[in-house]
Amino acid sequence: MRILKLQKKDLFPLLKVISREAELWAPTAKGDKFAYGRVLDFSRIAMDAVRTIIPPKKIMVPSLFNMFNFTEKGYQEDLSHVTDRILFGIHPCDIHGLLILDKLFSQAYLDPYYLEPRKKTLILGLSCLPDAYCFCKSTHTDIIEEGYDLFFTDLESYFLVWIGSSRGDDLIRLAPDFFDDKLTEKDIQTYTKWQEKRDNAFKTTVNFTRMPDLMELNYKAPFWEEVGAACLACGSCSMVCPTCNCYNVVDKLFLGNKPGKRLRHWDSCTLPEYSEVAGGENFREHKSQRLKLWYTHKLQAYVSKYGKPSCVGCGRCLVTCPVQIHVKSVADALEGHPVEAFWKKFAQEVSK
Amino acid sequence: MNGEHKCLAETNPFTPHPARIVRSYHLTKDVKFFQVRFVDMEEALRFDYKPGQFAMLSILGAGEAPFCISSTPSRPGLLEFCIRKMGTVTSALFELKENSFIGLRGPYGNGFPVEEMRDKDILIIEGGMGVAPLRSVLLYSLDNRDQFGRVAVLYGSKRPSEMIFSEEYFALKGRNDLECHLAVDADDTGKWTENIGVVTTLFRHLKKVDPENTFALVCGPPVMYKFVIKELIKLNIPKDQILMTLERRMKCGVGKCGHCAIDYIYTCLDGPVFNYWDVLHMRELI
Ligand SMILES: Cc1cc2nc3c(=O)[nH]c(=O)nc-3n(C[C@H](O)[C@H](O)[C@H](O)COP(=O)(O)OP(=O)(O)OC[C@H]3O[C@@H](n4cnc5c(N)ncnc54)[C@H](O)[C@@H]3O)c2cc1C
Ligand code: SF4
Ligand code: SF4
Ligand code: FES
């Protein structure tokens with residue numbers, strides 16, 4: 001693998017050259033939060049964005065899009081959401097999130113609505129420093145070895161740039177003069193220091209190796225009822241999670257001779273109508289049952305299939321759930337630790 | 001730039017292929033039978049299915065839903081479905097005239113392990129809509145009669161008027177190469193000549209079962225399973241030779257939408273046919 005040096009002042013000129021090839025998408029500020037969007041003015045790129053509200057899955061499969069136009073003649077596939085894109089500023093956890101979605105959307109059957117945009121998107125990763133909610137070290141998703149085309153590590157006055165694919169290499173060739181391939185002893189020291197600093201900056205940890213067993217043993221634990229009672233069934237946790245892939249499909253007709261549309265939109269297993277079947281029978285009527293499914297998937301299911309959790313430690317559920325039901329508080333409950341989260345207080349209030 | 005991203009229709013697993021309703025008629029008041037044929041012969045040849053697999057049917061403007069294939073691959077050409085009117089998609093389907101177009105994709109799911117079942121005895125216990133998947137395997141075993149041991153059917157309906165495929169099943173009673181016992185929970189016609197009682201009461205009419213050599217196939221309304229399985233365990237049929245189909249909401253049929261998940265199992269890929277041993281290990285079902 002080749003590692004090159006890029007001076008900070010050369011970043012925007014570089015982006016300018018490579019964004020001639022495709023749309024550039026990056027995190028930009030949205031109030032005090034961040035969101036991925038198309039960027040024309042590079043000064044709007046939020047280089048310090050820790051996490052975006054919605055993960056980059058929205059760039060591959062938008063929250064709502066059309067799968068087919070249909071008329072009496074049949075169903076015509078619509079892949080108009082596919083364009084060439086360059087995604088800049090994506091952190092290791094979110095790249096791991098995409099790698100997990102890659103597996104889901106290509107196992108057994110290939111899903112072109114995810115895989116086509118994915119193929120057309122160049123991944124330009126960017127290093128980060130964790131805030132209080134990040135725990136990607138616990139999920140082993142704090143570093144990335146595959147799944148990117150270029151990866152930029154920010155070392156104050158310059159970047160170290162990893163080339164991760166031949167397409168990444170092609171990008172470098174568009175502007176070879178910006179890069180320096182001679183790394184000094186000092187560069188290596190600076191990088192090692194930076195790594196140490198980052199390693200020590202994590203404040204949240206979750207012991208994932210214990211989780212599959214603890215999920216099994218605690219399947220009937222009373223705290224699930226408390227969690228279920230407090231959950232608002234708003235679905236936010238699924239919307240913000242980089243590895244949640246569930247969706248629903250609805251057909252829509254339009255007046256006149258316009259073709260109908262088969263629309264696909266994000267869905268969440270925390271929503272009440274998710275598991276209803278014929279005859280109104282609902283296999284997961286209670287919120288506690290639905291959350292158990294969510295956590296089975298995050299903490300247990302993927303582990304038994306692929307040897308790692310399908311949580312990448314991005315911290316989004318920690319900052320998003322209005323009643324603080326999230327991987328950290330549920331893991332604490334599973335381990336029998338005291339839980340400070342709102343749902344626990346709610347349970348105490350109610351039982352008074 | 002979008003033009004070049006077109007992926008071929010064949011490679012898009014979600015594309016419904018045009019098919020025509022060749023014949024349709026009521027089996028009961030709210031259950032209809034549909035015979036369907038692909039418009040494109042190549043598509044028809046590509047559609048290679050096993051008993052117990054399902055297909056996704058699209059009704060223009062109404063949506064898409066999963067249905068078991070009730071016909072048998074041993075009689076190629078037409079696909080048959082047995083469908084109960086439930087809501088949007090099924091109501092729209094019920095309105096369609098013969099010769100209308102629908103969309104069809106599949107086949108999906110694991111189906112019954114017919115290779116494993118070779119030379120074994122087959123005991124089918126079905127109730128209500130359970131005939132939809134089990135008719136396929138029943139017809140398959142009759143068409144390949146020499147590949148299987150004994151075949152026995154226990155079939156229960158609520159009332160005579162709600163018995164699905166009644167003519168077919170009464171015709172089976174005339175055959176001497178299989179056992180067929182029929183029951184209704186209650187007879188409101190006064191003309192019912194078979195057994196009266198729930199499906200489990202039919203077990204006492206069953207000739208002696210060789211449990212190690214028997215595959216029991218169960219499908220019916222949720223309440224039925226518990227009681228039927230109790231009887232099968234009493235007969236000493238091994239748990240992994242008791243097969244059942246599970247119904248879950250399905251939006252894609254190909255392991256993407258997540259709707260059919262039970263624990264870590266995707267019913268559409270790993271099912272819909274499961275053996276009782278597997279089911280015992282699905283926490284959500286216990
Ligand atoms: C593998 C499989 C095989 C099936 N085989 C048959 C069959 O052979 N014959 C048959 O009549 N039915 C079968 N079903 C059930 C059939 O899919 C549903 O009845 C159908 O989806 C209802 O669609 P609808 O639009 O008419 O009803 P809706 O308007 O969607 O809803 C009516 C009722 O059905 C429930 N429902 C909605 N969507 C689904 C869904 N995708 N699956 C199950 N329930 C749903 C709703 O909660 C509501 O209670 C099968 C289901 C599965 C999963
Ligand atoms: S479960 Fe929470 S922390 Fe883990 S990947 Fe999903 S949103 Fe991020
Ligand atoms: S767990 Fe939290 S975010 Fe998820 S549905 Fe419940 S209240 Fe909403
Ligand atoms: S039906 Fe979509 S995952 Fe099974």
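All heavy atoms count here, side chains included; hydrogens, waters and symmetry mates do not.
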Practice task
Take B:Arg84 and B:Asp30 through the salt bridge (charged side-chain N to carboxylate O under 4.0 Å, His left out) test and state the conclusion after the steps.
Solution key: CA-CA 6 Å; B:Arg84 165 165 280 155; B:Asp30 58 351; 3.7 Å; yes
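Looking at B:Ser58, the atoms closer than 4.5 Å to chain A (heavy atoms on both sides) sit in the backbone and in the side chain alike. For A:Phe105, the parts lying under 4.5 angstrom from a heavy atom of chain B are both the backbone and the side chain. For a residue to count as touching a neighbouring chain, one of its non-hydrogen atoms must lie under 4.5 Å from one of that chain's; by this rule A:Ser238 does not touch chain B. Both the backbone and the side chain of B:Leu60 come within contact range of chain A, with heavy atoms under 4.5 Å apart. Proximity to chain A is limited to the backbone of B:Ala62, based on heavy atoms less than 4.5 angstrom apart. For A:Gln76, no part sits under 4.5 Å from any heavy atom of chain B, backbone or side chain. Contacts of A:Leu110 with chain B are made by backbone atoms alone, with heavy-atom separations under 4.5 Å and no side-chain atom involved.
Note on ring orientation: taking the six-membered ring where Trp is involved, the planes of A:His81 and A:Tyr113 are parallel (angle under 30°, cut-offs 30° and 60°). A perpendicular orientation is assigned to the rings of B:Phe33 and B:Phe165, their planes being inclined by more than 60° (bins at 30° and 60°).
Annotation for A:Lys58: atom NZ counts as buried by contact number, over 12 foreign heavy atoms lying within 6.0 Å.
Looking only at heavy-atom pairs under 4.5 Å with chain B, the residue among A:Met67, A:Gln300, A:Arg262, A:Lys119 that has the most is A:Arg262. Comparing A:His297, A:Lys252, A:Lys292 by how many heavy-atom pairs each has under 4.5 Å with chain B, the most go to A:His297.
Using a 4.0 Å cut-off between a side-chain N of Lys or Arg and a carboxylate O of Asp or Glu, A:Asp111 and A:Arg264 qualify as a salt bridge.
Here the side chains of A:Pro212 and A:Met215 are not in contact, with every heavy-atom distance at 4.5 Å or above.
With values rounded to the nearest 0.5 angstrom, B:Arg135 atom CZ is found 11.5 Å from B:Phe81 atom CZ.
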